[in-house]
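Okay, structure first, notes after.
Heavy atoms only: backbone and side chains are in, while hydrogens, waters and symmetry mates are out. If you read the sequence from its start, that first residue is 1, and numbering goes on from there. If you're wondering where the values come from, they're calculated on a predicted model, not measured in any experiment.
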Amino acid sequence: MTPLRIAQLIAAAAARFPPASNPALDAETLFRGISGLSRAELLANGKELPSPGDATRFEAAVQRRERFEPIQYILGVAAFWRDDFVVNSSVLIPRPETEILVAAVVKGLSPVPTPGLLDLGTGSGCIALSLLRDLPGARALAVDLSEAALKVAFENARRLGLAQRIDLRVSRWFDAVEAATRFDAIVSNPPYVARTDEAGLPREVRDFEPHLALFADPSDDLSSFRTIVAGALQRLKPSGLLAVEVGRGQADRVAGLFEAAGLKTVEIMNDLARIPRVVLGRRS
């Protein structure tokens with residue numbers, strides 16, 4: 001059998017992928033991630049034969065993608081904000097929607113020279129670490145219930161040279177956060193997907209991403225937000241900022257929780273699909 005050239009190999013892989021995804025882009029992204037080639041190099045070398053090692057690794061990756069495993073888990077990395085973050089099935093894959101939260105908090109804290117941050121349910125650490133990158137005087141405490149997730153967050157902090165500016169702790173919400181500590185900003189992307197929506201999720205999400213970080217309490221889809229708002233009131237400095245990511249249909253209700261708790265200048269921000277995605281408020 002005649003060996004396939006790189007471009008042929010990628011095209012053959014795309015034909016095997018789920019049509020609901022972007023098969024051609026998925027196949028190209030996988031090959032680039034495995035080979036280390038840039039897109040320009042890939043186009044220039046498309047008629048060349050892949051190395052035996054690249055061909056073997058690519059076939060293994062293609063088989064994983066055929067089973068709907070997310071490309072980010074296959075390659076072990078996901079782009080977010082200004083950096084690439086290590087990811088695995090212990091953490092949610094960072095998404096562009098969450099960058100809206102990061103941008104809003106950076107803007108809100110820009111007048112503060114040395115802000116203190118608290119990230120609840122940090123996962124890969126992408127929110128806290130992105131904030132530290134853009135706020136050079138900041139320090140962060142980031143907590144998560146999952147020890148496996150915190151290992152990923154620590155690896156990202158180490159790779160980005162930020163390990164000295166972040167404290168990572170196992171904690172269920174505020175349990176391991178000293179009651180007397182005050183923060184300039186508290187941020188969170190908590191579990192908010194309703195269990196009733198599970199069947200409608202893409203297989204990449206439903207079958208591979210950690211349910212602990214995805215799904216809200218079956219009896220109350222706002223339970224995480226209620227806990228966050230109550231704890232934040234005790235731990236925010238005056239004029240401190242609370243910012244959370246929310247699910248479809250939750251923004252107005254979460255904003256109501258903010259207002260009922262006495263938070264001021266409550267704002268809802270839409271994502272690029274014009275879905276209300278981030279709620280912000282300040283302690284009076």
Exactly one candidate in E204, E245, E209 meets salt bridge (charged side-chain N to carboxylate O under 4.0 Å, His left out) with R95; the answer is E209
- Query: Between R253 (side chain) and L257 (backbone), is there a donor-acceptor pair under 3.5 Å?
  - Reply: no
Shortest non-hydrogen pair, P190 vs W173, comes out as CB-CH2, 3.6 Å
Distance col, row L42:CG vs R32:CZ, nearest 0.5 angstrom, shows 7.0 Å
- prompt: Does any N or O in the side chain of S171 come within less than 3.5 Å of the main-chain N or O of A176, such that one atom is a donor and the other an acceptor?
  reply: yes
Exercise for review: Quick one: do R282 and E267 satisfy salt bridge (Lys or Arg N to Asp or Glu O under 4.0 Å)? Show the steps, please.
Suggested key: CA-CA 10 Å; R282 286 190 181 272; E267 182 182 359; over 6 Å; no
Apart from L145 itself, members of its ILVMFWY cluster (side-chain separation under 4.5 Å) are L212
Discussion item. Can a donor-acceptor pair be found, under 3.5 Å and without considering hydrogens, that links the side chain of R277 to the backbone of R274?
Written reply: no
Notebook entry, point to check: Does P94 reach the side chain of S124, with side-chain heavy atoms less than 4.5 Å apart?
Noted result: yes
Shared ILVMFWY cluster between V62 and Y73, side chains joined below 4.5 angstrom?
-> no
Between R139 and T114 (side chain of the first, backbone of the second, donor and acceptor by atom type, cut-off under 3.5 Å), is there such a pair? no
Taken to the nearest 0.5 Å, the spacing of E69 CD from Q63 CD works out to 12.0 Å
| said: When you compare the side chain of D197 with that of R248, does any pair of heavy atoms fall below 4.5 Å? | reply: no
Sorted by chain and residue number, the salt bridge (Lys or Arg N to Asp or Glu O under 4.0 Å) partners of E198 (sequence neighbours excluded) come out as R195
- Message: Under 4.5 Å between side-chain heavy atoms, counting indirect links through other Ile/Leu/Val/Met/Phe/Trp/Tyr residues: same cluster for L135 and L241 or not?
- Response: yes
Are V102 and I186 linked, directly or through intermediate hydrophobic residues, by side-chain heavy-atom contacts shorter than 4.5 Å (ILVMFWY only)?
no
Check your understanding: In terms of the angle between their ring planes, are F58 and F31 parallel, tilted or perpendicular, with boundaries placed at 30° and 60°?
Key -> perpendicular
### side chain to side chain contact (heavy atoms under 4.5 Å, CB included) between S224 and Y192, worked out
CA-CA 8 Å; S224 295; Y192 57 67; over 6 Å; no
Problem - Donor-acceptor under 3.5 Å (N156 side chain, G125 main chain) - result: no
Next item on the list: Keeping the roles fixed (side chain from R283, backbone from L236), state whether a donor-acceptor pair exists under 3.5 Å.
Entry: yes
Rounding to 0.5 Å, atoms CZ (R235) and CZ (R182) come to a distance of 7.5 Å
**Prompt:** Looking just at side-chain N and O atoms, do D119 and T122 make a donor-acceptor pair shorter than 3.5 Å?
**Reply:** yes
Heavy-atom closest pair (F258 atom, V266 atom, distance to 0.1 Å) is CB-CG2, 3.8 Å
Taking every heavy atom of V91 against every heavy atom of G123, the minimum-distance pair comes out as CG1-C, 3.7 Å
Exercise for review: Find out whether W81 and L129 are in side-chain contact, i.e. whether some heavy atom of one side chain is under 4.5 Å from a heavy atom of the other.
Suggested key: no
So CG of L117 and CG of L132: to nearest 0.5 Å the spacing works out to 6.0 Å
Heavy-atom nearest pair, F80 first then E99, reads CE1-CG, 3.4 Å
- Query: How far apart are the C-alpha atoms of F17 and L30, what are their side-chain angles, what is the distance that settles it, and do they pass the side chain to side chain contact (heavy atoms under 4.5 Å, CB included) test?
  - Reply: CA-CA 12 Å; F17 288 164; L30 277 179; 3.8 Å; yes
- prompt: Are the charged groups of R82 and D134 less than 4.0 angstrom apart, N to O?
  reply: yes
Student check: side-chain heavy atoms of I34 and L75 closer than 4.5 Å:
yes
**Study point:** Sub-4.5 Å side-chain heavy-atom contact between V170 and D144
**Key:** no
Is a side-chain N or O of D54 found less than 3.5 angstrom from the main chain of S35, in a donor-acceptor match? no
Query raised in the report: Looking only at atom types and distance, does a side-chain atom of S188 sit under 3.5 Å from a main-chain N or O of L120, one as donor and one as acceptor?
Result: yes
**Prompt:** Could you walk me through whether L242 and I228 pass the side chain to side chain contact (heavy atoms under 4.5 Å, CB included) check?
**Reply:** CA-CA 9 Å; L242 176 62; I228 291 167; 3.9 Å; yes
Nearest heavy-atom contact between P111 and P113 is O-CD, 3.5 Å
Query - Flag if over 12 foreign heavy atoms under 6.0 Å of CZ, R169 - result: yes
Cluster overlap L141 with L131, hydrophobic side-chain contacts below 4.5 Å: no
Has E41 got a side-chain atom pairing as donor or acceptor with S38's backbone, closer than 3.5 angstrom? yes
Exercise for the section: Return yes when atom NZ of K264 has more than 12 non-hydrogen atoms of other residues, nucleotides or ligands closer than 6.0 Å, and no otherwise. Expected result: no
Separation between CD1 (I268) and CD (Q250), nearest 0.5 Å, reads 11.5 Å
Can you get from L150 to L118 by hopping between Ile, Leu, Val, Met, Phe, Trp and Tyr side chains that sit under 4.5 Å apart?
-> no
**Flag side-chain contact, heavy atom, 4.5 Å: L263 against L233** = yes
| Sub-3.5 Å donor-acceptor pair from the side chain of N45 to the main-chain atoms of E48, do we have one? | no
Fill in: Heavy atoms from other residues, nucleotides or ligands near CZ of F215 exceed 12 (cutoff 6.0 Å)
yes
With heavy-atom distances below 4.5 Å as the criterion, would you say the side chains of F85 and C126 are in contact? yes
What I want to check is whether the side chains of S219 and D217 have a donor and an acceptor closer together than 3.5 Å. yes
Taking every heavy atom of R65 against every heavy atom of I74, the minimum-distance pair comes out as N-CD1, 3.6 Å
### Task
Would you indicate whether the side-chain heavy atoms of K151 and E155 approach each other to under 4.5 Å?
no
* Go through N189 and V244 one step at a time and tell me if the side chain to side chain contact (heavy atoms under 4.5 Å, CB included) criterion holds. => CA-CA 6 Å; N189 177 14; V244 297; over 6 Å; no
Value for CZ (R206) from CZ (F68), rounded to nearest 0.5 Å, stands at 9.0 Å
